[in-house]
Amino acid sequence: MVTIRGRAKINLTLDVLGLRDDGYHEIATVMQSLALADTLTLTREESGIALTVDMPGLETDERNLAWRAAALVIEHCGIRGGVRIDIVKRIPVAAGLAGGSADAAAVLRGMNELYALRLSDAELCALGAQIGSDIPFSLMGGTVFATGRGENMKPLADFPKIHVVLAKPPVDVSTPWAYRAYDAHPPEQRPDNSAFLEALAAGDMTACMRLVGNVLEPVTERAHPIVGDYRSRMYAHGAACAMMSGSGPTVFGLFTEQESAAYTAEEFRRETGAAVYLTQTAGRYGV
Ligand SMILES: C[C@@](CO)(OP(=O)(O)O)[C@H](O)COP(=O)(O)OP(=O)(O)OC[C@H]1O[C@@H](n2ccc(N)nc2=O)[C@H](O)[C@@H]1O
Ligand SMILES: Nc1ncnc2c1ncn2[C@@H]1O[C@H](COP(=O)(O)OP(=O)(O)O)[C@@H](O)[C@H]1O
C-alpha cells in the first residue's frame, strides 16, 4: 500500500503566446505548489482499477484523471495486476488549482512505487503530459517556469514560504472555455515574465508581488465579475498581492503574516460565504 499527496498549484504569472496547430495554446507561466493537497492511497489488486473519492459528484470511472493515470501506467508497463485508489479530496474542483492533475501525478508516482517500476521523472512527465498539460508540473512541484502547453519545465529557486488565502467564487469555469474566450477577446495587458523571473532570481519579493499577472484573469472576470470583487476584498484585507489562478475562478491572496492570512480567511468566509482555504506555498518534491 502506498499513501501519497497530490498538491494544488497557483499560477503566479500566466501568459498566452498563441494558438498552436494541435488546438492547444502556447503558454508561459510561473507555477507554484501549495501545501493544500489531496491524499491518495493506492493498494495492489489482482486486476482492474477501482476508485473511490470522498467528494460526491466527482467521477470515479475513466473520466477521472487518477483512473486514467493508473490505466496508462498499467498499459505502458504491461503490468499484470490492478490497483485500488482511494482519494481524500481537499482541493476544490474546477477551480484553477489543478486538483485533477495533482491526483493524476500522485497516481503516476504511486504506481511507480507500488509496482517498483523504476520509471524516471522524465518518463513519468512524458506519461503525464499524455493526460493533461498541468500534470508534468504536478509531478515536479515547487516553483517552475513552464512553457509549451505547460509541459516544458524550468525549475526555479523556491518562492519563499508565504501564506496563501484561496477563495473560490460559487461559479464554474472550464479550462477549454477560458482558452476559447481568450481567443475571442485577447486582453492587451500581459504579465512580464522576464521581469518576474529576474525579480525572483534577485530575491526581490516586493517586485515579484507587483509583477504577478494572469492574462486569463480579465477573460474569466468579464463573464464572472465576482472575480474582481474577490480580488479587491483580498487587497482590502492587506494582501501583498491578489490574483486569479489559472483559468479561475479561484482568487488567491499572498500574505506575509500568518495572523493576517487567518483573519482574512475568516472574514472572507463571513462576508461572502465563499469556499475559503488557508494554506502556504510549498517547495519541490523530494527537496
Ligand atoms: C489554465 C491552466 C494554467 O495552469 O490551468 P487550470 O486553470 O486548468 O488549472 C492550464 O493551462 C490548463 O492545463 P490543464 O487543465 O492540464 O489542461 P488540459 O487538460 O491539458 O487541456 C484542457 C483543454 O484546455 C485547453 N488548453 C489547455 C492547455 C493549453 N496550454 N492550451 C489549451 O488550449 C485545450 O482546449 C484543452 O483541450
Ligand atoms: N481527480 C479529479 N479531481 C478533480 N477533478 C477531476 C478529477 N478527475 C477528473 N476531473 C474532472 O476535471 C475537471 C477539472 O477539474 P480540476 O483539475 O479540479 O480543475 P482545473 O482544471 O480548473 O484546475 C472537473 O470538473 C472534473 O470533472
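Note that the numbering runs from 1 along the sequence shown for the chain. We count ligands from 1, going down the list as the structure has it; atoms in each ligand are counted the same way.
At a threshold of 4.5 Å between non-hydrogen side-chain atoms, the residues H237 and E271 count as touching. Residues V276 and L278 have side chains not in contact (no heavy-atom distance under 4.5 Å, counting atoms from C-beta outward). Residues L108 and I135 are in side-chain contact: their nearest non-hydrogen atoms beyond the backbone lie under 4.5 Å apart. S194 is listed as a side-chain neighbour of D192, based on a closest heavy-atom distance under 4.5 Å. Counting heavy atoms from C-beta on, the side chains of L216 and V16 come closer than 4.5 Å. Counting heavy atoms from C-beta on, the side chains of L197 and L156 come closer than 4.5 Å.
Between A98 and ligand 2, at least one pair of N/O atoms sits closer than 3.5 Å. Considering backbone and side-chain atoms alike, E59 places an N or O below 3.5 Å from some N or O of ligand 2. Residue L58 places no N or O, backbone or side chain, under 3.5 Å from any N or O of ligand 2. No N or O atom of S245 sits closer than 3.5 Å to an N or O atom of ligand 1.
For ligand 1, the atoms sitting less than 4.0 Å from at least one non-hydrogen atom of G132 are 16 (O), 20 (O), numbered in the order shown with element in parentheses. When each atom of ligand 2 is checked for a heavy atom of G96 under 4.0 Å away, the hits are 20 (P), 22 (O), 23 (O). Each of the atoms 7 (O), 9 (O) of ligand 1 lies under 4.0 Å from some heavy atom of G96. Taking a cut-off of under 4.0 Å to the non-hydrogen atoms of G246, the atoms of ligand 1 that pass are 7 (O). Within ligand 1, the atoms closer than 4.0 Å to a non-hydrogen atom of A98 are 9 (O), numbered from 1 in the order shown. Within ligand 1, the atoms closer than 4.0 Å to a non-hydrogen atom of S247 are 1 (C), 6 (P), 7 (O), 8 (O), numbered from 1 in the order shown.
Between P249 and P169, the closest heavy-atom pair is O-CD, 3.1 Å.
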Take R90 and T39 through the test side-chain hydrogen bond (donor to acceptor under 3.5 Å, both in side chains) and record every step on the way to the result.
CA-CA 8 Å; R90 297 190 191 88; T39 304; 2.8 Å; yes
Decide side-chain hydrogen bond (donor to acceptor under 3.5 Å, both in side chains) for T52 and D86; before the verdict, give the C-alpha distance in whole Å, the side-chain angles of both, and the deciding distance to 0.1 Å.
CA-CA 5 Å; T52 71; D86 297 298; 2.5 Å; yes
Does D38 form a salt bridge (Lys or Arg N to Asp or Glu O under 4.0 Å) with K89? I'd like the steps, not just the answer.
CA-CA 5 Å; D38 296 339; K89 196 85 197 148; 2.6 Å; yes
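Here the shortest heavy-atom distance to atom 8 (N) of ligand 2, taken over V107, L65, L97, belongs to L65. The heavy atom nearest to atom 2 (C) of ligand 1, considering only D134, I10, L97, is found in D134. One option in Y24, F137, W177, Y182 has a heavy atom closer to atom 34 (C) of ligand 1 than any other, and that option is Y24. Comparing heavy-atom distances from atom 16 (P) of ligand 2 across A94, P249, A66 singles out A94 as nearest. Between atom 21 (O) of ligand 2 and the options T175, I135, L51, the minimum heavy-atom separation is to T175.
The single protein non-hydrogen atom nearest to atom 31 (N) of ligand 1 is H25 N, 2.8 Å, given as residue, atom name and distance. Shortest contact from atom 9 (O) of ligand 1 to any protein heavy atom: K9 NZ, 3.1 Å. Scanning the protein for heavy atoms near atom 1 (C) of ligand 1, the closest one is Y179 OH, 3.5 Å. The protein heavy-atom contact nearest to atom 24 (C) of ligand 2 is V93 CG1, 3.6 Å. Nearest protein heavy-atom contact of atom 20 (O) of ligand 1 is S133 OG, 2.6 Å. Atom 4 (O) of ligand 1 has as its closest protein heavy atom N11 ND2, 3.1 Å. The nearest heavy-atom contact from the protein to atom 23 (C) of ligand 1 is P176 CG, 3.8 Å. Summary of contacts: the protein heavy atom closest to atom 8 (O) of ligand 1 is T175 OG1, 2.7 Å. In terms of protein heavy atoms, atom 17 (O) of ligand 2 is closest to G100 N, 2.8 Å.
Taking CG of L34 as the reference point, atom OG1 of T281 lies at 7.5 Å (rounded to 0.5 Å). Residue E26 holds its CD atom at 10.0 Å from CG of L19, rounded to the nearest 0.5 Å. In this structure, CG in D229 is found 10.5 Å from CE in M234, a value given to the nearest 0.5 Å. Interatomic distance, CH2 of W67 versus CG of D61, reported as 8.0 Å (0.5 Å rounding).
Within the 4.0 Å heavy-atom criterion, the part of R63 lying near ligand 2 is the backbone and not the side chain. With a 4.0 Å cut-off on non-hydrogen atoms, D103 touches ligand 2 through its side chain and not its backbone. Under 4.0 angstrom from ligand 2, the non-hydrogen atoms of A95 all belong to its backbone.
The shell of residues lying under 4.0 angstrom from ligand 1, judged by heavy atoms, includes M31. The closest approach between R180 and ligand 1 stays at or above 4.0 Å for every heavy atom of the residue. The closest approach between a heavy atom of T29 and any atom of ligand 1 is not below 4.0 Å. Within the 4.0 Å heavy-atom cutoff, G150 does not count among the residues contacting ligand 1. The shell of residues lying under 4.0 angstrom from ligand 2, judged by heavy atoms, includes K89. At least one heavy atom of G23 sits closer than 4.0 Å to an atom of ligand 1.
Other residues, nucleotides and ligands place no more than 12 heavy atoms under 6.0 Å from the CD atom of E266. Around OH of Y179, the count of heavy atoms belonging to other residues, nucleotides or ligands within 6.0 Å exceeds 12.
Remark: the S120 side chain and the E123 side chain contain an N/O donor-acceptor pair separated by less than 3.5 Å.
Distance remark: protein heavy atom not present below 4.0 angstrom from atom 13 (C) of ligand 2.
Without hydrogens or angle criteria, N11 side chain to L14 main chain gives no donor-acceptor distance under 3.5 Å.
Taking the six-membered ring for Trp and thresholds of 30 and 60 degrees, F196 and F159 have nearly parallel ring planes, at less than 30 degrees apart.
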